[in-house]
Amino acid sequence: MKKFFDYVTIVIFFAFCIFPLAGSLFSDAKDQNDGGLRGIGDHLKNSFPMKQSWDRLYSVTARTLGQREFYGVYYDEADGRLIKLFTEYDEKKLGRSVGTLNRYKKQHSRMPVYSMIVPTASGIYRENLPEALEVVDQQKLIDDIYYRIDEDITPLDVFSRLYSVRDSYIYFRSDDRWTQTGAFEAYMAVARKLGASPYGAENYDIEFTNVPFCGQLSDISFITDIQPDMIDAYRCKYGSYIRSCSAIRERQIYTKASVYSRGALSNPDKYTFFLGSTDYRSVQIDSTAADQPSILIIGSDYANCFVPFLAPNYSKITLINPAEMGDKKLSDIVTPEDYDMTLFLFDTETFCEGFEL
Amino acid sequence: MQSYDILFMFAFLPVYMGLFAITPAKHRALVMTLGNAVTAVFCGLRCAAVYTLCTAVCYFSGIAIYNMRNNEQRTAMRKALAAGNFCLAAAALVICSPRGVDVSAFTPFKAAVFSVLPLNMISYIADVFRGDCEAQTNAAQLAAYLGFFPSAGYGPVYRYKMVRSCFAEPRPDASKLALGIRYYIMGLAAYTVVAVRLSELHAELLATSAEQLSGGAAWMGTLVFYAGFGTSVIASLFMGHGLAVMQGIRSGHCFRRKFMQPVTERRLKEFNIPLCRWLKDYVTMPLRRAGFDKYAALSVSILLGALWYGFTPGWLAAGALLAAAVTVQGRLTKHHTPAEPFVIIGSAAAKLITFAAVSCAAVWEFISGKAGFALFRTAGADDGFFYTFFGEAVIPTLIGLVIAGSLLHSLVNRMNLRLFKLVLPLAELVFLAIAAAYMVR
C-alpha cells in the first residue's frame, strides 16, 4: 500500500511538472517580453495550461487568507467592486501639468479655457477603503490643482456631483474608468458653466449593449467573481446629432457616422466602444448643430464617453490625447485659434502623471 | 533561480531528474555538478565564478593538506592552507550575498544563493585537516557537494564526512523519491503561500509612515516577522531536504521540535538541526578543545548562527540574548532534574525567549526603516491601520506560527497515522495545486 502511494506521488508530481513545460513548447503565445531568464519565466507563466483557473485558485486562496489588495487594486467585498488605488503622485509631474495649462492660457488669452479634473473611483469611494492604504484625498488634491491654475481658467467641479450619486453605476466595477452614466452626471454638473444648455436624461434612451465583461482590474487582481460590467450607451431620442466622427492615429484616418463602435465590443478593452479606440492622436466630431460653437478638448480617455453629450451643443468637437501625441506638438495637429473654447478634461491620476503640449 | 521559482519547478527540475535517472549511478555526481553550475549561472556570472574558483581551490588544497598530514615540517603550511581556504569561504559569503557589500547572509525572507557554499568549504577542509576523511580526488563529487543546489538557500547544511559516500554513487529508490517529493511540496506550499505573504505584509508595514503606525501595529509586525522568518527557514529546509532526498542524499531530520520543550538550548538545536550540528562540529567542539568553557563556546556558536541568518546589529542582539538565556538556564538547572511544573513553565519561557530574540532583529528593521520608534509608541496614533493590518495578517501569521512552532509536526506525531496516510496524497495534491497557483500568477 505504501509503495502504491509512493508511485502515485511520483507519477502525479512529474506529470504535473512536465505538462506545463510541454504546453509552453507547443504554445504559439507571443510575448512582448524581452528574452533572458525573466522572459522565459514570463512565457512559461503566460502559456501555462488553464491559466485562468490557476489565477482564480490563487485569488480564492489569497482572499481566504485575508488578502484584499492585489498589485495596487483593492477588492471592496461589501460593494462588489475593484478599485485601483491612487496612493501617491509626483509633485514635479503635477507641477508640469499645471504649468502646461497656465502656459496654454497665456498663449490663448482671449479664448475661454476650462479645466475639469475628474476623480477616479479611488477618490469617490475613499471612505470604503481602509485608512492604512493611505489613498490620496482627491477632493483636496483637485481643490489644490484648481487653486494653482491660472485664475482665468474656469475650474469645473464634478467631485460633489459624482459623490452625491456614488451609489449609482458611475464607475465600472472591474475597470479603472467611469461609465457613461458617470460622464452624464458630470455633464449635467458642468454644461451650464460651459455655456451650453444641458439635455436632461429624458432626452436620451439608454442602450444596454448586453456584452458583459470583466475589465483590466480583474486581469491585474485575478478576481473575476464579481458582477460583470456592461457598457451603456446614451442615444438621443430625437435622432443623432453626429454627422461624422474621424479618428486619426498616426497617418491613418477612420471615419464613422457614430461616436459609438459596436464592433469594438469584441475587443478585449470594451471601453473602445466609445470613439472606436483609446489610442487615437486626435478625434474630430462634426455635428448637425452648425450654428453652435466649436470646442477643443485636450484630455485623457475619460473624455471618450463624455463627448457624445456635447454633440447637441457644439458644431465641432476635437479631442486631443496628449499621451498619443508622440513627438508632435499641439500646433502640429490642430490650430487652437480655430476653436471657440478649450476644455482640459483629465482624470486625477493621468493629470498627476504630467503632460506637455 | 531558487527552488520556489516557476522556472525551477516546471523546467529545470523535470529535465534534471530525467537526466539524473538515466545516468549510471557512478556518473551521477557529474549530473549534480552540472545542476549546481546551471543554478550558479542563473544566479549570475559572479556566483558561477565564485563557485568555480572555490571548487578549484578546495580541490587542490584538500589534496595538498591530506598529503602533508604525516609531515610534521609541513604543519605550518597545512594550517596556512586551511586558514586561507577559510578566508576564501568568508569572502565567498560576502560576494554571493544578495546585498553585496552589506555582508548580510540573506534577508529574513529571501534566502541568498550559495550561502551554504562557504559552510561546505569549511566543512570539507576541516574534515580533511582533522583526518576524519580522505581528500576527494574526484573533482565532480567534490563540486557536487560544495555547491549542492538544494542547499543553496537556508540549507540543510551537510557536513562532508557524513554525506561523502552519498555523493559517490547516489541511488535513490521509489520510497526516497516519493518522500523527497512530499517534503518539497510541503516546503513549496509553505513558502509561496505563507512566507511570501508575510514578507509582503512586513514590507508594507516598514513602508508605512511613522505617524500612521501605532505601537500595536508595530508589535503586530514583530509577530509577523517571527512567523515569517520561522516559516521561511522551515519551508526552505523542507524544500532543500526534499530535493536532496530525491537524489539519494541520506540525512536526518532538519528539525524536530517538541511542543513542550523547556530547555532553550534544545529548542534552538531542534530549529535547524543541520546548522546546529555544523556549528557544534566546527565551532563549539574546537573551542572546547582549545580550553573554552562549555557555555562560552556555545555562546560563540549561537552568535555566529544568528549572524548567519542576518548580519545586522538586530541579529547580533538576538544571538546575544539567546546565548545569555542558554547560559543562565544551563547553569541554574545543571544539577537538577526538571520537575513537572518546570516543564510547563520552562517551555513557555523558552518560547518567549525565542520570540524576544527574533524580535530584536525585527526591532532593528523598524528602527533602521521609516517606522522609526513606533514600537515605543503606546497611544496617540489612530488604530485604523492596526485593525486593517490585523485583518490581513492574522490568518497567515497564525499559520506561520503553527509551522514555525512545529505544532504541525507534533500534531502529526499524535495522529492516527493510518488515516493520515490515506489523506496524505490528497493533501499533497492540494498543496501542489495551491503552490502552483501562486507561482503562476
Side-chain angles (χ1 to χ4, degrees), chain A residues 1-25 36-38 40-71 87 129-134 220-222, chain B residues 1 5-7 9-15 17-18 42 173-179 181-182 184-185 193-194 197 200-201 204-205 208-209 212-213 217 246 382-397 399 421-422 424-425 428-429 432-434 436-441:
Chain A
M1 189 69 165
K2 183 180 178 299
K3 269 197 174 175
F4 172 72
F5 281 126
D6 288 344
Y7 284 117
V8 165
T9 299
I10 294 166
V11 168
I12 289 175
F13 178 74
F14 283 107
F16 191 85
C17 290
I18 291 166
F19 184 55
L21 179 65
S24 71
L25 289 173
L37 192 59
R38 185 168 284 183
I40 299 169
D42 288 342
H43 174 71
L44 201 56
K45 281 184 192 177
N46 293 333
S47 59
F48 205 88
M50 297 161 47
K51 184 165 189 322
Q52 283 187 342
S53 303
W54 294 111
D55 290 341
R56 211 169 296 135
L57 176 61
Y58 159 72
S59 100
V60 166
T61 310
R63 279 184 282 154
T64 307
L65 293 179
Q67 190 170 345
R68 289 292 173 268
E69 189 199 332
F70 300 87
Y71 305 106
T87 53
L129 301 172
E131 280 181 44
L133 296 174
E134 294 185 305
I220 295 169
S221 63
F222 310 112
Chain B
M1 186 173 63
D5 285 339
I6 187 171
L7 214 55
M9 182 169 161
F10 293 106
F12 176 79
L13 192 60
V15 171
M17 290 306 296
F42 272 109
D173 54 23
S175 66
K176 277 190 191 147
L177 191 56
L179 184 66
I181 288 170
R182 285 187 195 113
Y184 177 70
I185 290 172
V193 178
V194 182
R197 178 62 188 146
E200 286 170 359
L201 286 167
E204 192 183 298
L205 197 70
T208 307
S209 59
Q212 180 83 8
L213 210 56
M246 280 161 70
D382 186 2
D383 274 344
F385 181 88
F386 171 76
Y387 292 121
T388 308
F389 186 70
F390 183 83
E392 292 212 341
V394 64
I395 296 175
T397 304
I399 297 174
K421 277 178 184 166
L422 286 174
L424 196 56
E428 283 166 23
L429 205 58
L432 187 60
I434 293 174
Y438 270 72
M439 289 159 73
V440 167
R441 63 177 165 137

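Because only heavy atoms are used, hydrogens play no part in the values below, and waters and symmetry mates are left out as well, while side chains stay in. Naming convention: chains lettered A, B, ... in sequence-line order (proteins, then strands); numbering from 1 in each chain.
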Problem set entry | Test: Asp6(A) and Arg182(B) ion pair at under 4.0 Å | yes
Exercise. Tell me, side chain or backbone of Phe4(A) under 4.5 Å from chain B's heavy atoms, or both, or neither?
Worked result: neither
Seminar exercise, completed: Smallest heavy-atom separation, Ile6(B) atom then Lys45(A) atom, equals CD1-CG, 3.5 Å
Exercise. Chain B: which of Lys51(A), Arg56(A), Gln67(A) shares the most heavy-atom pairs with it under 4.5 Å?
Worked result: Gln67(A)
Exercise. Of the non-hydrogen atoms in Leu57(A) and Ala433(B), which two are nearest, and what is the gap between them?
Worked result: CD2-O, 3.6 Å
Problem set entry | Gap between atom CD1 of Ile18(A) and atom CE of Met17(B) - 0.5 Å precision | 11.0 Å
For this session: Check whether any side-chain heavy atom of Trp54(A) lies under 4.5 Å from a side-chain heavy atom of Tyr438(B), and answer yes or no.
Result: no
Seminar exercise, completed: To the nearest 0.5 Å, atom OG of Ser175(B) lies from atom OH of Tyr7(A) at 8.5 Å
For this session: Identify which one of Leu429(B), Leu432(B), Ile185(B) satisfies the side-chain contact (heavy atoms from CB on, under 4.5 Å) criterion when paired with Phe16(A).
Result: Leu432(B)
Exercise. So does Phe14(A) have more than 12 non-hydrogen atoms from other groups sitting under 6.0 Å from CZ?
Worked result: yes
Problem set entry | Interatomic distance, Glu392(B) atom CD to Leu65(A) atom CG [nearest 0.5 angstrom] | 11.0 Å
Exercise. If you round to the nearest 0.5 Å, how far is CZ of Arg63(A) from CD1 of Ile395(B)?
Worked result: 13.0 Å
Exercise. Of the backbone (N, CA, C, O) and the side chain (C-beta and beyond), which part of Met439(B) lies under 4.5 Å from a heavy atom of chain A, both, or neither?
Worked result: backbone
Seminar exercise, completed: So CD1 of Ile181(B) and OG1 of Thr9(A): to nearest 0.5 Å the spacing works out to 7.0 Å
Seminar exercise, completed: Most heavy-atom pairs under 4.5 Å with chain A, out of Val394(B), Ile399(B), Val194(B), Leu177(B), belong to Leu177(B)
Exercise. Val193(B) versus chain A, heavy atoms under 4.5 Å apart: side chain, backbone, both or neither?
Worked result: both
Exercise. Where does Thr64(A) contact chain B at under 4.5 Å (heavy atoms): side chain, backbone, both or neither?
Worked result: backbone
